[in-house]
Amino acid sequence: MAQARRVFELHRPTHVAHLAAMVGGLFKNMKYKLDFLRENLLMNDCVLECCREFGVSRCVSCLSTCIFPDKTTYPIDETMIHNGPPHDSNFGYAYAKRLIDIQNRAYHEQYGCMFTSVIPTNIFGPHDNFNLQDSHVIPGLIHKCYIAKQKDEPLTVLGTGSPLRQFIYSKDLARLSLWVLREYHEIDPIILSVGEEDEVSIREVALMINKAMGMKQGIQFDGSKSDGQLKKTASNSKLRKYLPDFKFTPIQQAIDETVQWFCENYDTARK
Ligand code: GFB
C-alpha cells in the first residue's frame, strides 16, 4: 500500500486506468489459483483505495470474460457476472476480478466515487507475454510457430483445437478504454469485444498464425492437454449502443502485425 501511495503522491492522477494484475493463460491459471486470487485482491484493494484517498475522479478497472459463470446461456451479457461459479480452470482470477465490480459499487454508494470496469475478451498484440508455458493462446502459438518454422516441423496446438474464443486486438482495446475513461459514466461494467459472428476456433487461430509466419508445415494437436472452457461467447450489444460504428481490426491483420512485431523483437520480447 505504501508503494502505491508513493506513486499516487508523485503523479496526483485525476483519471486512472487500473491495469495492474497477475495474468496468464489457461495453463498458468490452472497451476496458481491461490496466487491469482491473493495477488489480484491485494493489487485491486491498493489501487482503488488510493483512488479514493487521492480524490481520483474516474477509475476504470480491467476484468475479463473468463469471470462469467461457466454454466450460462449465451451470449453472455454484463448482467450475468455474479450468476454462478466461473469455470474451474480460473476461479482464483475470476473471483478476484468479480470483486472489483462489488468494490466499485461500494465505493460509489459510500463515497460517491465514479469507479467502473471494462470486460474485454481474450486480448493479444505486440509487447504481449510470449512465454511458452504461461502465455495466452495467441502469443504462445506465435512463439511455438517461430520455433517450429526454424525446425521445419508442424505447429503443435494444445488440446483439440475446437474451443471457441472472441479475440480483441490490444490496439483496439486501448482506443476503447480511452473512450470509457472519458465518455462512459456508468458504474456498471461494459463488455469490450468483437461481435459473436467474429468468434473463432483455436484451430482457425492456429492456421492464421501459420499463414502469418509463412509456415510450410501444417498444424497438429496434442489432445492430452486441456481445452479449458469450450466457449465464453459474449454479447457486445451494450458497446454497440454507445459506439455503433466502431471498427475493429480484422483478426488476420492483427495477427500479421503481432507476428511481425515478435519476429522483429524476438531478442527482447517477453518469453
Ligand atoms: O488464452 P488461453 O490460454 O486461455 O487459451 P483461456 C486457451 C485455449 O487455447 C485452450 C488452447 O482451449 C487451449 O487448449 N491452446 C492451444 C493453448 N495451444 C495453446 C498454447 O500453446 N498455449 C495456451 N495458453 N493455450 C484464460 C483465463 O482462459 O483467458 C485467464 O484462464 C484470462 O484468466 C484469459 O481470462 C483471457 O481463454 O482458456
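In what follows, every heavy atom counts, from backbone to side chain, and hydrogens, waters and symmetry copies are set aside. Counting convention: from 1, in listed order, for ligands and their atoms alike.
- Ring geometry for Tyr184 against Tyr242 counts as perpendicular: the plane angle is over 60°, on a 0 to 90° scale with 30° as the lower cut.
- Shortest contact from atom 14 (O) of ligand 1 to any protein heavy atom: Ser226 O, 2.8 Å.
- Remark: side-chain polar atoms of Glu204 are paired, donor with acceptor, to backbone N or O of Ser201 under 3.5 angstrom.
- Short contacts between ligand 1 and Leu141, defined as distances under 4.0 Å to a heavy atom of the residue, involve ligand atoms 18 (N), 21 (O).
- Annotation: atom 4 (O) of ligand 1 to nearest protein heavy atom, Leu26 N, 3.5 Å.
- For ligand 1, the atoms lying closer than 4.0 Å to a non-hydrogen atom of Gly25 are 3 (O).
- Within the cation-pi definition used here (under 6.0 Å to the ring centroid, within 45° of the axis), Lys231 qualifies as a partner of Tyr74.
- The single protein non-hydrogen atom nearest to atom 1 (O) of ligand 1 is Val137 N, 2.9 Å, given as residue, atom name and distance.
- Salt bridge status for Glu186 with Lys238: present, with a side-chain N to carboxylate O gap under 4.0 Å.
- Asp256 and Gln252 are linked by a side-chain donor-acceptor pair at a separation below 3.5 angstrom, with hydrogens and angles left out of the test.
- If you number the atoms of ligand 1 from 1 as listed, the ones under 4.0 Å from a heavy atom of Tyr93 come out as 33 (O), 35 (O).
- Summary of contacts: the protein heavy atom closest to atom 28 (O) of ligand 1 is Lys232 NZ, 3.4 Å.
- Figure legend: Lys271 and Tyr266 shown as a cation-pi pair, the cationic atom lying under 6.0 angstrom from the six-membered ring centre and within 45 degrees of its axis.
- Nearest protein heavy-atom contact of atom 12 (O) of ligand 1 is Asp227 O, 2.7 Å.
- In terms of protein heavy-atom proximity, atom 38 (O) of ligand 1 is nearest to Arg165 NH2, 2.9 Å.
- Here Phe91 contributes atom CZ and Ile67 contributes atom CD1; the two are 15.5 Å apart, rounded to the nearest 0.5 Å.
- Ring centers of Phe246 and Phe248: under 6.0 Å apart, within the cut-off.
- Of all atoms in ligand 1, listed by their number and element, those nearer than 4.0 Å to a heavy atom of Pro163 are 12 (O).
- Ion pair Asp101/Arg98 not flagged as a salt bridge, since none of the NZ, NE, NH1 or NH2 atoms sits closer than 4.0 Å to an Asp/Glu carboxylate oxygen.
- For ligand 1, the atoms closer than 4.0 angstrom to any heavy atom of Gly24 are 30 (C).
- Among protein heavy atoms, the minimum distance from atom 20 (C) of ligand 1 is reached at Lys144 NZ, 3.6 Å.
- Considering only non-hydrogen protein atoms, atom 16 (C) of ligand 1 sits nearest to Leu158 O, 3.0 Å.
- With a 4.0 Å heavy-atom cut-off, ligand 1 is reached by the side chain of Phe27 but not by its N, CA, C or O.
- Salt bridge annotation for Arg6-Glu9: absent, with no cationic side-chain nitrogen under 4.0 angstrom from a carboxylate oxygen.
- Heavy-atom proximity to Ser135, at under 4.0 Å, picks out these atoms of ligand 1: 24 (N).
- Checking only distances, Gln229 never comes within under 3.5 Å of ligand 1, N or O to N or O.
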